[in-house]
Each structure stands twice: as structure tokens, then as C-alpha cells.
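These notes concern the structure reproduced below.
So that the names make sense, note that chain A is the first sequence line, chain B the second, and so on, each numbered from 1. Note that the structure is predicted; figures quoted are calculated from it, not measured.
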Amino acid sequence: MRIGDLARRTGVSQRLLRYYEEQDLLTPTRLPSGYREYTEDDVLRVAHIRNLLAAGLSTATIADVLPCMGVDGERLIASICPELVDELLVERARISESIAALVAAQSALDTIINARPAASSPAEPAAAGSS
DNA sequence: ATTCTCACA
DNA sequence: TGTGAGCA
């Protein structure tokens, strides 16, 4: 299929689809016309790319992880590509640091919000997660 | 009608 | 990452 179809089927813009190719996340073949030709597998592949991107992984890391993803989607990845486990652990650590930073920022805001004398503002509702 | 590459108010 | 240009 060509880029227009893939874009519609994945909800990803043609612009991004071409960008993913630049990052070696997709490697469509070229028709004699010069048009990119994608396979059915690319539809699922794009879904994987979206998920990995949402997880905050760099396109470089995704390029390494992608070939390890079968139709299953996630669990098998570790067994097929053991070498990637530590790389993924690094990513996980990075996410933990981000969470810590956000929690700190949240506390900073809470301090400012609660520093105000008295009034009726819905500024600090029940903390999500810990009830 | 579609896609391609390149460039940027 | 969107948008428009000028082609094929």
C-alpha cells in the first residue's frame, strides 16, 4: 500500500510516516514511480512505534527494539532480545526520574497554593492514587 | 488524484 | 510537525 493508505489506516500523518523512515523506524520499498510501498505489517509496526514513542523512548532506541516485536506486541520481546533488557532498564530508570521530578514540582505547587491564607478554592483535590 | 522533496511567517 | 510550492 502507499503512504496515503497507511496514513489513514494508522491515523498517523504522511509527514510523520516519512519522518519515521528518516529515523529508520520504517523501511518501505520504492515503486518505479518513486512512491513508497508499505506492507501490511507496517500497520502494526506503526502502532508499535506510537506506543514506544508514548513511553518516551528515543527513535534510536525504538529502532533497536522494533525488530524484536512480533505480532504478540510486548511480552515476548524480552525472550527474543535479551540484549535489549538492560537498555530498556535504563529507559525505565529515566522514566522514574521524570516521575520524581514531577512529584517534586507538584509539591512545590501545593506549597504555593496552601500558602494563601483562607478562601474557597478547589486547588488541591484528593491526591490521585493515595486515598 | 497522489506522492515526492525541500523549505519556512 | 504542519503547510505550501513546484514536479512527475
Side-chain angles (χ1 to χ4, degrees):
Chain A
M1 72 186 88
R2 292 179 318 195
I3 198 170
D5 300 310
L6 187 60
R8 277 188 293 278
R9 294 177 58 177
T10 61
V12 175
S13 70
Q14 301 183 9
R15 174 75 171 75
L16 278 184
L17 253 17
R18 296 192 181 102
Y19 175 69
Y20 292 162
E21 179 179 12
E22 296 296 307
Q23 303 304 301
D24 294 299
L25 268 31
L26 289 177
T27 54
T29 57
R30 293 288 183 144
L31 265 32
S33 59
Y35 289 7
R36 269 164 269 248
E37 179 68 0
Y38 297 91
T39 66
E40 282 304 313
D41 292 15
D42 288 327
V43 176
L44 183 60
R45 194 180 175 81
V46 170
H48 285 156
I49 292 173
R50 302 293 307 196
N51 290 339
L52 266 10
L53 242 22
L57 302 200
S58 66
T59 55
T61 299
I62 294 177
D64 293 332
V65 177
L66 227 38
C68 296
M69 301 189 78
V71 265
D72 45 286
E74 35 200 302
R75 187 184 346 169
L76 260 176
I77 175 178
S79 58
I80 301 178
C81 308
E83 339 77 65
L84 289 178
V85 177
D86 65 294
E87 186 173 2
L88 260 22
L89 284 174
V90 170
E91 296 298 335
R92 189 184 189 292
R94 182 180 53 61
I95 291 175
S96 292
E97 287 177 20
S98 294
I99 292 176
L102 288 174
V103 169
Q106 183 180 56
S107 293
L109 285 183
D110 286 345
T111 297
I112 296 174
I113 293 172
N114 297 323
R116 173 194 29 172
S120 58
S121 72
E124 188 192 12
S130 62
S131 51

Using atom CD of A:Glu22 as one end and atom C1' of B:dT5 as the other, report the distance to the nearest whole Å. 10 Å
side-chain contact (heavy atoms from CB on, under 4.5 Å) filter on A:Arg50, not counting sequence neighbours, yields A:Val12, A:Leu16, A:Tyr20, A:Val46
Side chains of A:Met69 and A:Leu52: does their closest heavy-atom pair fall under 4.5 Å? yes
With the criterion being N/O to N/O and under 3.5 Å, what pairs connect the protein with nucleotides 2-5 of chain C, and how long is each?
from	atom 1	to	atom 2	distance (Å)
C:dG2	OP2	A:Ser13	OG	3.0
C:dG2	N7	A:Arg15	NE	3.1
C:dG2	O6	A:Arg15	NH2	3.3

Rounded to the Å, how far apart are A:Leu31 CG and B:dC4 P? 10 Å
Taking OH from A:Tyr38 and C1' from B:dT3, how many angstroms apart are they, rounded to a whole number? 10 Å
For C:dC7, which nucleotide is its Watson-Crick or G-U wobble mate, given both distances must be under 3.5 Å? none
Does some side-chain heavy atom of A:Leu26 sit less than 4.5 Å from a side-chain heavy atom of A:Ile49? yes
So, does A:Arg30 get its side chain near the phosphate of B:dT5, meaning an N or O under 4.0 Å from OP1 or OP2? yes
Determine the contact category for A:Arg36: base if any of its heavy atoms lies under 4.0 Å from a base atom, sugar-phosphate if only primed atoms, P, OP1 or OP2 are that close, otherwise nothing. sugar-phosphate
For the atom pair CD1 (A:Ile3) and CZ (A:Arg36), what is the distance rounded to the nearest 0.5 Å? 5.5 Å
Distance check needed: B:dT5 C1' versus A:Glu21 CD, whole Å only. 12 Å
Rounded to whole Å, how long is the line connecting atom CD1 of A:Ile3 with atom P of B:dT3? 7 Å
Nearest whole Å is fine: how far is B:dA1 P from A:Asp5 CG? 16 Å
So, A:Glu21 and A:Arg30, do they make that salt bridge, N to O below 4.0 Å? yes
With a 3.5 Å limit on both atom pairs, tell me what B:dA9 is paired to, counting Watson-Crick and G-U wobble, or say none. none
Between P of B:dC6 and CZ of A:Arg18, the distance in whole Å: 12 Å
Is any side-chain heavy atom of A:Arg2 closer than 4.5 Å to one of A:Gln14? no
Donor-acceptor contact below 3.5 Å, side chain A:Asp42 vs main chain A:Thr39: yes
